[in-house]
Structures are given as structure tokens and as C-alpha cells.
Number of protein chains: 2
Amino acid sequence: MKTKLSLLACASILSSQLCLAQTTEQVNDWKPCPSNQAGKQYPQYNSEGRVKFRIAAPEAKSVGCTFRDSSEFKKGEDGAWYGYTRPLDEGFHYYAIKIDGAEVPDPNSHYFYGSSRWGSAVEIPAKDADFYALKNVPHGQLREIYYWAKSSNTNRHAFVYTPPDYDKDTSKRYPVLYLQHGGGEDETGWGRQGHAGLIMDNLIAESKAKPFIIVMENGGGIGGLRRTNAPTAAGGPTNTAPAGGPGGRPFNFSAFEKVLINDTIPFIDANFRTLADQPHRAMAGLSMGGMQTRTITLAHLDKFSHIGVFSGGSIAVTNITDMAAFKEKVKLVFISYGSGELGTNRAGGRGFGGDPKANTAALKETGVNAVFYESPNTAHEWQSWRRSLREFAPLLFKN
Amino acid sequence: MKTKLSLLACASILSSQLCLAQTTEQVNDWKPCPSNQAGKQYPQYNSEGRVKFRIAAPEAKSVGCTFRDSSEFKKGEDGAWYGYTRPLDEGFHYYAIKIDGAEVPDPNSHYFYGSSRWGSAVEIPAKDADFYALKNVPHGQLREIYYWAKSSNTNRHAFVYTPPDYDKDTSKRYPVLYLQHGGGEDETGWGRQGHAGLIMDNLIAESKAKPFIIVMENGGGIGGLRRTNAPTAAGGPTNTAPAGGPGGRPFNFSAFEKVLINDTIPFIDANFRTLADQPHRAMAGLSMGGMQTRTITLAHLDKFSHIGVFSGGSIAVTNITDMAAFKEKVKLVFISYGSGELGTNRAGGRGFGGDPKANTAALKETGVNAVFYESPNTAHEWQSWRRSLREFAPLLFKN
């Protein structure tokens, strides 16, 4: 059982119960989290970024949560179990509740797909939460679509964001961004926990970004998440990410690449009013989706002009075989990370292809329009990626 | 603790464990439920309609579920807990798992909004499941929308189904069905567990229904679910359902009625290519949504021409003040129930306004186009309502 360091320190001089109270209730400004189900008072957050849980489990022997360094849950005066996390980064975090060894969703939270399961997550309102707040501005639509893909021989399920005026002037055509989720996530991620629609609605309302269509497909489940059995691979840009991805084995994105290039893009261009050419097509993604973006765009520069990689590696000068052609075709390379991923060069250390900031600076030196963004005080998590979209979108399709 | 009758009966002659085995494993054709999260082997169903659960809770004292008459969960050889329901109606059922007194979602199932919470549900494939199966046919879109409502002074969240060819010919305009969920449910119900989109896609592909738009709003949460404090009410058709609704107190639908009439319909007519007149506007709903439909359409016959009430009461001849005007304006009154709600006149007994079958027959006698549908072998549950939509949709907007 994990215990907070602060708890251990004071346990030597005080009763652990008193110590727990001191440690966890010193900032007593708890409010219900916005990620709660309607009417639920718990979980709560405070201004330190701690989360306080309340679980009714009258006959349980032990209750806890999956956040590391969280306090042991204790029974309160009302008979329910209460527990606290350490201070967390502002933003969005997946978790589960543990009851006598069972890992289950918190019955108080909304549910999200991440960590390869539908389950709980908690939102700690960020200081800059306004950019994805629901406001009284014109709203686009998040459209759930099904279509048949020959490449996978299956029905595909995806989401398409259309901007606010899409249905007003039906002669107008729009650029398209293909926007991918991370490993263990799916096509629901960007629309749900990513707030992609609200981010775009607000940017467009403030004239900070041009209106464009966003397509959110599922990059896992057809090979994208399953790694090749080979312990190493040559790692050409077409089919594999750089060796040394999570788990030490390369991802294999070829199945997803085939669907995206041969089915998704043609379907979208046939069924939405797109500007169906390379100058008006972008791809971006987070973590695994960033690796997919890097792999797929570099192999298909005839199809994509704008590239966004969020917490998923970078593009080094040495990755580009024909720099003249690259510069002619690629109008933007956008690389981003949460500051917490960079502090000790962890991103490079995790095998995402070297120091992303240095790689991006070197790319810029050669004359490529390369932009690096660092999300302050966040790590490998959705607040970094919401901000990345906010920074990336205004740079798209400027000409 | 509840115990199955069959279990009690044989417990007198056999050990309860052997008996449990006999009772629950006699039809050993278990398959994973389609409502499971991807890759999850449990819950399972068998051809009797029983559901078998598996919950890993190593240190729990007791595990169970909220289905009445379900077996006590027991630890299997692998250390996980196993339990069984009685035979259930085919279709969709909400439930929760109980672990040492805590009621939590099953970590293996998808989550749905019903019983006033996001939580688990299990789908037992119905013999007629084909009509809402995902097929390789042209698909419409389920669009998530936000809009500002002056009546409630809030942003509203709704879903809009647009038929497959909606974006092909942008000069074509479509009729609209306003389709409401039940009590303790919300705007996600019809699109998610109701499969409204797939039902329409399949009907349209077989030329069994005309294409139309479906709008799914939230009829609770702004007064629709909160009952008036008055123990009884006069029960005029405008603001209240018949006295004697669930709980014994009348619903108050006036807040939802205002939003629907003054905000939702104008927003939809301004932002979708609708045929924005009474002959091309229908309303239907299930349970509480059926009561709302009855109340709101009878008060606004200038706005609605087609009326559908699924497991939510009926329209008696005595409810109609001006029969000549009603016959001129109303092209269809569709009333439906699950057979399990009718067997002992339970629907009438529950205060939904008398015998719905007799009321509908009497209405038909007066010359109204009144149709009654009885869903075989289902009760007050989604399989009844999916079938009701399948039967109702082909009757809409025929002229």
C-alpha cells in the first residue's frame, strides 16, 4: 500500500489519523468536479489540485483508488469512505475505485474511454479552462458516422466535427484535419474529454482560426494498438514508429494507414463538402496518434500539408529524405509537449525520437515552418493536448 | 437477500450449491453480451435469457447485482465471483453490481444513462435484433448539437438524426419527428440504447419509411422529471399528465414544453432543412416521454400532425374537446405497449389513463387514424420501444 511522503513524515510524531486530517484538509475549499454525473457532490477538488472521493461501501474492508500516492481511504462519520489524492496537475485524469480488491468505475463520475477501458476520470478545472468552456456562441456539430471500409472489411465508426456555418452556405467547401487519439483511447476521445468541438467553436467565434472539418477515427483495434511480434524492426517511416516506443517494441500502423488513406479520406471527401486536395488536408494526433501522424504524413506528403504531433515525438532533419520536396509540400510542422514530459528529457528518454525541442529548432533552421509548443505545468495528459489543439488550429490553412 | 423460487424449492432436497449449478447451468450455451466493452468475455447470456456475471473482487465478503431474483454470487475456481439472473426478456436492461454494500457499474459493460445515472446495462440479443443491426447500408448521422434556449436561459444539448441522403441533395427539405426518452433517462437514450439511427437507416434502405429528421432533446432536468409539490392537480392537458403518474403525483412538463415550442422547434427549423409546418412535424416518446407527447401535442395541434405514445398512456375520446378539429389536424395516433405491461391491465392500473388498447379502439371507431401496437414478450423496456419506433416510422408523413 502506497502512502504519501508527507504522511510518513508526520506519522512519527502524531497519530496517523490526525496527520491525515492535517495533510488533506489544510485547504478546505472543496467543490464538486465538473466531470461528475449530474447531481453528484463527489469527487471534489480543492485549490491545491487534490481530489477527495466519497464511496458508500458499508461492508467493505478496504477502499482506495488507482491514483499513486493517494491516501488510504477511511470511514467518515456518515459511514462512507473518504480518500484524497496528492496534488494533481490541473486538467483531466483517468482513475478507478478499488473496493476489496475489485477495480471498478466510480459510480459518481462520468465515463470516458482511456487506459483501454470505459471508466472514470476526474477533471480539475484549469486556470485556462475558458478556451474549452461551453459558451453562448455559434456551435458546430459533432457527427457520429458509420461507413464501410474495404481495407478492413468492417463498418467503421468515427466522429466528424463540422464548423458552425457548415449548413448555412451549402456551396462553401472546407479544409479537413484528421485528428487522432492516443494509445488505449478511441475515436470518442477528442470530442469527449478533448473538447475539440468547443475549442474550435470558441476559436472560430473569436476569429482566431479558420473554420475547418475535423475527422476523428479509431487508430487502434485494427493493428494500431497491437505491436508487431518482432522484437525490433527496421523502422521505415511507412509502417512503424521509431523503435523504442512504449513497451520497447515498435507500433505497427499499417492497417490503420490503409484504412485512412484508402477508405476514410475518400469517404469524407465524397460525403462532406471538403477542399479535397493536399494544401487543405492536415493530420495531427496525440501520443500514439502523434506517432501515426508522423509515420503516415511522411509517407504521404502528396496528401497532407500540415502536420501536428502532440506528445508523440518530433520530426528530425534526418527523417526527411528530400528536403526540397518536403519544404515545398509541408506548410507546417507543429510539435508539442507538456512541460512535465520535458523537464528531465523524459520524452527523449522514452524513445520518441530524440529531443523534440532541439529537433524542431533544427528543422526551423533549414527553413521549414516548424513550431514548438510547451504546455506549462502539465505532463502526458489531456490538458496538454487541448492546449496543443488551441495553439495548432490557428496555424492551419492560412493561405 | 433475494433468492430464486426454483432455488428455494430444490434447496429442501439438495445442497444449495448443487442446486445452483442445476438451476443456472442447465443451458450451457453462454456467449458474451453485445453490450460488453470491447474484448470483455463477461457478462454472458444464454438461450434461456439468463445473464452470467464475473467480477474479480478478491477480498470481498459478498458480491451481487441489482436484478431481482438473481442468484447469490459465488467464488469460482479462478477466485472470481460468478452470479446468474433469472431468465430475462430479450433486449436491454439496466443494472449495477454490488460489492460489500457498494453499488457500482460493472467494469465489463458499456455505460448508458438510465435510472437517473450513467451505469451498466446488459443486452440479450433479441430474435428480431436484425432491424437495428449495423449493416452495410447508407447511414444517416447522429449529430450532437448545442444551442441557447431563452426559455430556460441555458445552453441546451441535444441529438439530431439526419437521414442518409441529407447532405447529398441540399435543396431537399425533410419532415421532423421530436422523439423523447423516459423518466430517469436523457437525450442520449434513443441514439444509444434505442438504436434510433440504425432502425431508421435499415427502414430507409428497405424503402419501408420515408426519410425524416429526428430530434432528441432532454425532457427532464428542467422540470420534466421534478413533480409538482401539489399532491393532486386538475390535470389539464397543457401542463400536467393524468393524475396518478408514477409516485402518485402528476408530472409537470411546462418548462420542457416552453423550451420545445419556443426554442427547440424554431432552432431546428432555422438550422436544418426541415419542412417547417404542422403536416410535417411529429412527436413521440416512451413512458414519461409518451406522457409529454400526449400533453404537448394535445395543447399544440397547430404544430403536430402525428402522435406516438410508447408505454406512456393513450388518448381517450374524452380527452379530445373538439373532435372535428382533431380529425382534421391529426393524421396518426399511435399507441404501443409491451405485452408484459398489458397482461393484467397493469398499464391502466398504473394510472396511465385507462386501458390503452380499448381507448385506441374507441378512437379508431370515431374515424381517427389510431393504431395500437403490442410488442410481444417484452415489458416496460427498450425492446418494446425500439419495436415501437420500427412500427411507428413507416406510418409517418405518408401524404
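Residue numbers begin at 1 in each chain, while the letters A, B, ... track the order of the sequences. Just so you know, these numbers use all the heavy atoms, side chains as well, and skip hydrogens, waters and symmetry mates.
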Pairs of heavy atoms under 4.5 Å with chain B: top-ranked of [options]:
options: A/W81, A/Y147, A/W148; value: A/W148
options: A/E103, A/H110, A/Q141; value: A/Q141
options: A/V63, A/L134, A/I145, A/I55; value: A/L134

Looking at [options], which one has more heavy-atom pairs under 4.5 Å with chain A than the rest?
options: B/N136, B/L198, B/I99, B/V160; result: B/N136
options: B/P105, B/P58, B/A57, B/G39; result: B/P105
options: B/D201, B/T162, B/V137, B/N155; result: B/N155

Proximity breakdown for A/Y146 and chain B, heavy-atom pairs closer than 4.5 Å:
both
Looking at A/K75 and A/E59, does any basic side-chain N land under 4.0 Å from a carboxylate oxygen?
no
What residues, two or more places apart in sequence or in another chain, satisfy salt bridge (Lys or Arg N to Asp or Glu O under 4.0 Å) together with B/R192?
none
Pick one of side chain, backbone, both or neither for [X], based on which atoms fall under 4.5 Å of a heavy atom in chain A.
X: B/A270; result: backbone
X: B/Q37; result: side chain
X: B/F159; result: neither
X: B/A60; result: both
X: B/N271; result: both

When the ring planes of [X] and [Y] are compared, do they come out parallel, tilted or perpendicular, using 30° and 60° as the limits?
X: B/Y111; Y: A/Y111; result: tilted
X: A/Y174; Y: A/Y166; result: tilted
X: A/F73; Y: A/F53; result: parallel

Can the ring centres of B/F212 and B/Y161 be said to be less than 6.0 Å apart?
no
What pairs meet the salt bridge (Lys or Arg N to Asp or Glu O under 4.0 Å) rule with one or both residues in residues 132-145 of chain A, with sequence neighbours excluded?
A/D130-A/K135, A/R143-A/D167, A/R143-B/D167
Does any non-hydrogen side-chain atom of A/M200 lie less than 4.5 Å from one of A/I214?
yes
